[in-house]
Enquirer: 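Here you go, one structure.
Numbering of ligands and ligand atoms starts at 1, following listing order.
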Amino acid sequence: MESFQHYIDGVFEDGASHFESLNPASGRPWARMPEAGPADVDRAARAADRAFRSTAWAGLTASARGRLLLRLADLVQAAAPRLAELETRDTGKIIRETSAQIAYVADYYRYYAGLADKIEGAHLPIDKPDMEVWLRREPVGVVAAIVPWNSQLFLSAVKLGPALAAGCTIVLKASEDGPAPLLEFARLVHEAGFPPGVVNILTGGAEAGAALTRHPMVAHVAFTGGPETARHILRNSAENLAKTSLELGGKSPFIVFEDADIESAANAQVAGIFAATGQSCVAGSRLLVQRGARDAMLERLKASAEAARIGPPADGATEIGPLCTKRQRDRIAVIVADSVAAGARIITGGKVPPGEGFFYPPTILDCTDAPEAPCITQELFGPVLSVQAFDTEDAALALANATPYGLASGVFTRSLTRAHRMVRGIRAGIVWINTYRAVSPIAPFGGLGLSGHGREGGMAAALDYTTVKTVWLRTSDDPIPDPFVMR
Ligand code: NAD
């Protein structure tokens with residue numbers, strides 16, 4: 001069995017206890033992981049706080065921080081094959097996807113490396129003759145970054161990149177499910193030469209997460225995960241009054257009109273729901289299809305789902321790997337069964353396959369007559385597509401917005417005017433038109449409602465890790481006249 005360690009205050013060390021990580025393709029343990037207890041979390045937060053105020057970090061110029069991030073980007077790129085292999089082995093995500101995604105993670109660090117010395121303050125044309133007033137953008141402090149199991153390197157890069165560019169320090173908690181890639185990434189942080197305590201990486205479950213998010217030294221909690229955990233985090237942040245940014249789940253509509261390029265729409269829908277075995281926050285899990293295009297779409301989707309190569313995620317030919325955990329696979333099976341009981345009709349899939357590993361087949365459910373089925377109302381985080389038919393644009397919008405989530409959406413149409421109307425009408429943080437699941441470090445990413453608040457990506461994310469200091473300088477040499485009147 002391989003063995004991994006925490007990275008706290010520049011030192012690799014074991015946790016308070018240990019647990020075994022399972023390979024989702026076999027269901028068997030393959031690695032020994034450290035598990036952080038509250039004392040480990042406390043040491044990491046204190047190390048981050050010390051580093052935040054140290055000359056080794058606070059004394060660096062923004063350009064020097066950028067150079068460290070650039071070195072980290074190069075190291076991530078060089079280590080991408082090993083990181084991809086570990087993520088595939090520990091989470092079950094197919095190697096084709098982990099390889100492509102991790103190569104792109106390096107670009108996120110590169111983008112924020114370039115941004116570090118472009119976070120500017122401002123000078124104000126103040127309404128008083130003898131004053132100069134300017135604004136300094138200063139790092140907010142210690143950032144607690146918490147991520148779920150899917151895409152851990154990616155979901156941490158969108159937090160670490162902007163936070164480090166801004167000058168913050170970090171305690172990153174990897175998910176207890178599949179933490180190997182982030183614990184390995186700690187070696188790259190070390191090799192890049194970040195001063196001790198600037199980035200601390202540990203893993204553990206709810207107990208470690210709770211200890212971290214309520215820690216008095218944490219100034220900002222950057223969280224990706226489910227809404228229920230987000231509620232715990234908000235309650236905990238009432239203790240330290242930390243700022244929060246929450247990237248949560250979704251029930252994203254994928255809307256196809258009769259005038260769309262159906263071949264493209266079907267291919268994008270397959271990628272939108274079955275890639276990463278559906279474990280994607282932006283999964284297009286609700287297909288809303290105009291009645292005249294319904295049969296053509298379903299025929300293609302069914303054929304693709306049934307032809308998909310399900311198998312070992314480390315095999316380059318595999319298209320659908322296992323779910324990350326048995327718990328997740330079993331939850332999906334229950335929601336599909338409950339949906340069928342509520343009137344959904346299985347078009348394909350829907351049966352747990354025999355054999356080892358946490359597999360679930362690509363599944364399509366016709367829910368046109370079952371609008372309240374749990375597969376319509378709940379996020380499954382698995383390879384399950386629910387289909388509803390509509391007739392008019394208004395009906396499509398009503399279905400699209402009939403969810404408390406608001407993360408992503410897709411619209412397939414050849415009509416430019418309709419595309420604009422849909423963009424205006426959809427309540428979501430992202431609208432993809434005639435494409436789906438595209439991301440970039442340059443473009444903001446995030447949602448509203450149950451999908452959370454705050455945006456990752458772009459300059460705004462870096463500014464989110466800063467606080468504004470307003471500086472007043474009196475330029476007159478005359479004595480201050482009246483001590484009892486504010487000017
Ligand atoms: P989860 O909320 O159960 O866990 C996420 C992280 O929170 C884990 O590291 C976990 O250990 C930690 N945690 C658990 N309890 C905690 C507590 N009380 N305090 C602090 N931390 C705690 O989520 P999950 O089931 O692992 O992941 C799936 C969810 O993540 C889905 O809802 C999915 O949509 C969402 N997600 C969102 C995005 C996005 O960018 N919007 C991306 C990926 C996943």
Enquirer: Give the atom numbers and elements of ligand 1 that come within less than 4.0 Å of a heavy atom of T224.
Expert: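 In order of numbering, the contacting atoms are 5 (C), 36 (N), 37 (C), 38 (C), 39 (C), 40 (O), 42 (C), 43 (C), 44 (C).
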Enquirer: Counting non-hydrogen protein atoms only, what is the nearest one to atom 22 (C) of ligand 1? Give residue, atom name and distance.
Expert: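 Protein heavy atom with the smallest distance to atom 22 (C) of ligand 1: T229 CG2, 3.3 Å.
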Enquirer: Tell me yes or no: between the side chains of S151 and K93, is some donor less than 3.5 Å from an acceptor?
Expert: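 Yes.
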Enquirer: If we ignore angles and hydrogens, is there a donor and acceptor under 3.5 Å between the side chains of H6 and D40?
Expert: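 D40 and H6 do not have a side-chain donor-acceptor pair below 3.5 Å.
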Enquirer: Please check if the number of heavy atoms outside R32 that lie under 6.0 Å from its CZ is greater than 12.
Expert: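 Check fails, neighbour count at 12 or below.
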Enquirer: Measuring from non-hydrogen atoms of G204 to any atom of ligand 1, is the shortest distance under 4.0 Å?
Expert: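 Flag set, G204 near ligand 1.
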Enquirer: Checking side-chain polar atoms at under 3.5 Å, does S237 have a donor or acceptor matched by the opposite partner on T244?
Expert: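 No - no donor-acceptor pair under 3.5 Å links their side chains.
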Enquirer: Determine whether the side chain, the backbone, both or neither of L212 has a heavy atom under 4.0 Å from any heavy atom of ligand 1.
Expert: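 None of L212 does.
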Enquirer: What's the shortest distance from atom 8 (C) of ligand 1 to any protein heavy atom, and which residue and atom give it?
Expert: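 The closest one turns out to be V147 O, 3.4 Å.
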Enquirer: Just by distance, with hydrogens left out, do D177 and T325 show a side-chain donor and acceptor under 3.5 Å apart?
Expert: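 Short answer, no.
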Enquirer: So, S245 and H220: side-chain donor and acceptor under 3.5 Å apart, yes or no?
Expert: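 Distance-only check passes for S245 and H220.
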Enquirer: Name the closest protein heavy atom to atom 36 (N) of ligand 1, giving the residue it belongs to and the distance to 0.1 Å.
Expert: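 Closest protein heavy atom to atom 36 (N) of ligand 1: C281 CB, 3.5 Å.
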Enquirer: Provide, to 0.1 Å, the distance between atom 28 (C) of ligand 1 and the closest protein heavy atom, together with that atom's residue and name.
Expert: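 Here the nearest protein heavy atom works out to F381 CE2, 3.6 Å.
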Enquirer: Quick check on contacts: which atoms of ligand 1 are under 4.0 angstrom from a heavy atom of A210?
Expert: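 Within the 4.0 Å cut-off of A210, ligand 1 contributes 19 (N), 20 (C).
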Enquirer: Just which atoms of ligand 1 are under 4.0 Å from any heavy atom in F445?
Expert: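 Every atom of ligand 1 under 4.0 Å from some heavy atom of F445: 40 (O).
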Enquirer: Any idea which protein heavy atom is nearest atom 27 (O) of ligand 1, and the distance to it?
Expert: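 The answer is P148 CB, 3.2 Å.
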Enquirer: Of all the non-hydrogen atoms in the protein, which one sits nearest to atom 20 (C) of ligand 1, and at what distance?
Expert: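 Of the protein heavy atoms, G209 C, 3.2 Å lies nearest.
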Enquirer: Do me a favour and list the nearest non-hydrogen protein atom to atom 32 (O) of ligand 1 with residue, atom name and distance?
Expert: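 Nearest neighbour among protein heavy atoms for atom 32 (O) of ligand 1, to 0.1 Å: E379 OE1, 2.7 Å.
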Enquirer: Return the residue, atom name and 0.1 Å-rounded distance of the protein heavy atom closest to atom 12 (C) of ligand 1.
Expert: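 Of every protein heavy atom, I146 CG2, 3.8 Å lies nearest to atom 12 (C) of ligand 1.
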Enquirer: Are the side chains of R286 and T403 in touch, meaning some heavy atoms are under 4.5 Å apart?
Expert: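 Yes; the side chains approach each other to less than 4.5 Å.
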Enquirer: Atoms of ligand 1 less than 4.0 Å from L407 heavy atoms?
Expert: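 With L407 as reference, the close atoms of ligand 1 come out as 41 (N).
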Enquirer: Establish, yes or no, whether the cationic atom of R89 lies under 6.0 Å from the six-membered ring centre of W30 and within 45° of the ring axis.
Expert: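 Yes, cation above the ring, under 6.0 Å and within 45°.
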Enquirer: Salt bridge or not between R46 and D49? Use side-chain N to carboxylate O under 4.0 Å.
Expert: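 Between D49 and R46 there is no salt bridge, as every charged N stays at least 4.0 Å from the carboxylate O atoms.
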Enquirer: Residue-level breakdown please: for L248 versus ligand 1, do any non-hydrogen atoms fall below 4.0 Å on the side chain, on the backbone, on both, or on neither?
Expert: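 It is the backbone that touches ligand 1; the side chain stays farther off.
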Enquirer: On the 0 to 90° scale, with breaks at 30° and 60°, tag the Y436-F254 ring pair as parallel, tilted or perpendicular.
Expert: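 Because their plane-to-plane angle lies in the 30° to 60° range, the rings of Y436 and F254 count as tilted.
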Enquirer: Below the 3.5 angstrom mark, is there an N/O of E176, backbone or side chain, next to an N/O of ligand 1?
Expert: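 Yes; the residue has a nitrogen or oxygen that sits under 3.5 Å from a nitrogen or oxygen of the ligand.
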Enquirer: Are there more than 12 heavy atoms of other residues, nucleotides or ligands under 6.0 Å from atom CZ of R427?
Expert: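 Not more than 12 within 6.0 Å, no.
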Enquirer: Can you see whether T363 engages K351 through a side-chain donor-acceptor pair at a distance of less than 3.5 angstrom?
Expert: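 Their side chains do not contain a donor-acceptor pair, so the 3.5 Å distance test is not met.
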Enquirer: Counting each atom of ligand 1 from 1 as listed, which ones have a heavy atom of H232 under 4.0 Å away?
Expert: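 Every atom of ligand 1 under 4.0 Å from some heavy atom of H232: 18 (N).
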Enquirer: Output the list of atoms in ligand 1 that are nearer than 4.0 Å to some heavy atom of L155, sorted by atom number.
Expert: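 Contacts of ligand 1 toward L155, numbered from 1: 42 (C), 43 (C).
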Enquirer: Judging by distance only, is a nitrogen or oxygen of G226 under 3.5 angstrom from one on ligand 1?
Expert: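 Between G226 and ligand 1, an N or O pair is found under 3.5 Å apart.
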